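The shown structure was predicted, so the numbers you read here are calculated from the model rather than taken from an experiment. Start at 1 and go down the list; that is how both ligands and their atoms are numbered.
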Amino acid sequence: MTVPTHVAIIMDGNGRWAAQRGWPRIKGHKAGVLAVERILEAAADAGVQHLSLYAFSTENWKRPALEVGALMALLRMYLRMFLHKLAKKGIRFHHLGSPEGMPSGILADMKTLEEATAKNTGMTFHLAVNYGSRLELAQAARRCVEESLRPDQVDEAALQARLWTAGVPDVDLLIRTSGEHRISNFLLWQSAYAELYMTDLLWPDFGPAELRAALEDYAQRERRFGGI
Ligand code: FPP
């Protein structure tokens, strides 16, 4: 079976999962973290080399302060608790997103995790936190100017090399849970030729069997990259 090299997931539906049970939204996010843990392991076992998970977008700051605070606290806890799990699986960690406006403690934790897992040779886990694709593209363009590139030097390769995903292969398979059919400013450049897989399942209900179904579906697709 052809396994996608890079899988990206828009993990949606935590709030609705909690609401269906009459619980506060944060309980949905907690269940979402458990799903992250299961999918990390399942993706690594399946032979995926890059897994990008959309945990917090640049637009998510607009959510109520209580929810933002709770999500940041969860993230902090997660980063500390799961270090040994990543190490055990040989997974490398990479923060995908802007450091600007991020709580310094979380940034420090993510840096520690990146450094501690830098020598691992298994799958790379890109956690998108404070990530927005348009912001990523704008900062890549700004860097071209700062580095005084001539107009004829500003091409696709120049921009690609200045994205936060520099050196990472394009997304092969983009999954979104919870029945929404949107890309929501996630990896727009990198997903130019990605195969899309949308499922009605809410993120906390998305497990290894569902990942397997998505990978099997992907393996049946015929990719032409604009050719015939
Ligand atoms: C979307 O569900 C989910 C998010 C905005 C956050 C995703 C976060 C996690 C899975 C947990 C945090 C992850 C880590 C690694 C700490 P939603 O709240 O938009 O759900 P709704 O659309 O049903 O309201």
Side-chain angles (χ1 to χ4, degrees), residues 7-44 50-87 89 91-98 101-103 105-114 116-117 123-133 135 174-187 198-208 210-211 214:
V7 176
I9 309 183
I10 302 174
M11 311 180 286
D12 197 9
N14 294 345
R16 274 162 286 170
W17 185 89
Q20 282 173 359
R21 291 159 178 77
W23 294 344
R25 292 174 59 80
I26 189 62
K27 278 191 90 166
H29 294 314
K30 283 186 181 156
V33 173
L34 298 181
V36 167
E37 204 186 338
R38 291 191 296 264
I39 291 304
L40 259 180
E41 188 158 344
H50 294 270
L51 178 70
S52 297
L53 300 182
Y54 206 4
F56 196 85
S57 75
T58 44
E59 288 75 32
N60 285 153
W61 296 107
K62 290 186 282 201
R63 292 188 176 209
L66 200 67
E67 184 173 347
V68 170
L71 268 169
M72 290 296 148
L74 251 188
L75 187 57
R76 192 100 207 250
M77 212 167 69
Y78 175 89
L79 292 170
R80 293 183 170 198
M81 273 173 35
F82 288 77
L83 172 58
H84 66 283
K85 300 203 181 203
L86 297 186
K89 281 264 158 198
I91 297 174
R92 247 181 330 173
F93 178 84
H94 174 227
H95 169 218
L96 188 55
S98 170
M102 283 292 296
I106 293 187
L107 279 182
D109 283 352
M110 290 198 290
K111 200 166 166 45
T112 303
L113 202 44
E114 282 180 346
T117 60
M123 184 178 83
T124 305
F125 167 31
H126 306 271
L127 185 62
V129 180
N130 200 25
Y131 178 84
S133 217
L135 178 65
L174 176 65
I175 299 174
R176 181 172 189 140
T177 57
S178 94
E180 310 286 356
H181 296 157
R182 281 192 294 278
I183 299 185
S184 301
N185 203 17
F186 191 42
L187 299 171
M198 312 290 178
T199 167
D200 287 341
L201 281 174
L202 303 175
W203 175 249
D205 293 327
F206 190 87
E210 287 71 35
L211 179 71

Might you point out which heavy atoms bring Thr58 and Gly132 nearest each other, and give the distance in Å?
->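 Scanning both residues, the minimum pair turns out to be OG1-CA, 3.6 Å.
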
Heavy atoms only: give me the nearest Ser178-Arg16 pair and the separation to one decimal.
->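 Smallest heavy-atom distance, with atoms named: OG-NH2, 2.9 Å.
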
What atoms of ligand 1 come within less than 4.0 Å of a heavy atom belonging to Arg25?
->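 Close to Arg25: 17 (P), 18 (O), 24 (O).
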
Hey, which atoms in ligand 1 end up nearer than 4.0 Å to a heavy atom of Arg16?
->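 With Arg16 as reference, the close atoms of ligand 1 come out as 21 (P), 22 (O), 23 (O).
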
Nearest 0.5 Å, what's the CG-OG1 distance between Leu127 and Thr124?
->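 Rounded to the nearest 0.5 Å, the CG-OG1 separation comes to 13.0 Å.
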
Got a second to check how far Met198's CE is from Ile175's CD1, nearest 0.5 Å?
->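 If I round to the nearest 0.5 Å, the distance is 10.0 Å.
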
Student check: side-chain heavy atoms of Asn60 and Val68 closer than 4.5 Å =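 When only atoms from C-beta onward are counted, Val68 and Asn60 do not touch, as no gap falls below 4.5 Å.
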
Could you tell me how the ring of Tyr54 sits relative to the ring of Phe186: parallel (under 30°), tilted (30 to 60°) or perpendicular (over 60°)?
->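 Geometry flag for Phe186 against Tyr54: parallel rings.
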
Once the angle between the rings of His94 and His126 is folded into 0 to 90°, is it parallel (under 30°), tilted (30 to 60°) or perpendicular (over 60°)?
->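 Correct class here is perpendicular.
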
Which option out of Val68, Val33, Leu79, Leu34 puts a heavy atom nearest to atom 13 (C) of ligand 1?
->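 Nearest option to atom 13 (C) of ligand 1, by heavy atoms: Val33.
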
Polar-atom distance check: [X] versus ligand 1, any N or O pair below 3.5 Å?
X: Gly15; value: yes
X: Asn60; value: no
X: Asp12; value: yes

When you measure from atom 1 (C) of ligand 1 to every protein heavy atom, which one gives the shortest distance, and what is it?
->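 Nearest neighbour among protein heavy atoms for atom 1 (C) of ligand 1, to 0.1 Å: Met11 O, 3.2 Å.
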
Protein residue, atom and distance nearest to atom 10 (C) of ligand 1, heavy-atom basis =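 The answer is Asn14 ND2, 3.3 Å.
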
Does Glu180 come within less than 4.0 angstrom of ligand 1, counting non-hydrogen atoms of the residue?
->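 Glu180 does not count as a contact of ligand 1 under the 4.0 Å cut-off.
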
Among the heavy atoms of Ala55, does any lie under 4.0 Å from an atom of ligand 1?
->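 The answer is yes: ligand 1 sits under 4.0 Å from a heavy atom of Ala55.
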
Sequence neighbours excluded - side chain to side chain donor-acceptor pair (under 3.5 Å) pairs with any residue from residues 31-40 |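 Applying side chain to side chain donor-acceptor pair (under 3.5 Å) to every pair that reaches into residues 31-40, excluding sequence neighbours, yields Glu37-Lys85.
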
Just let me know how Arg63 lines up against ligand 1, side chain, backbone, both or neither, with a heavy-atom cut-off below 4.0 Å.
->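 Looking at Arg63 and ligand 1, just side chain atoms fall under 4.0 Å.
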
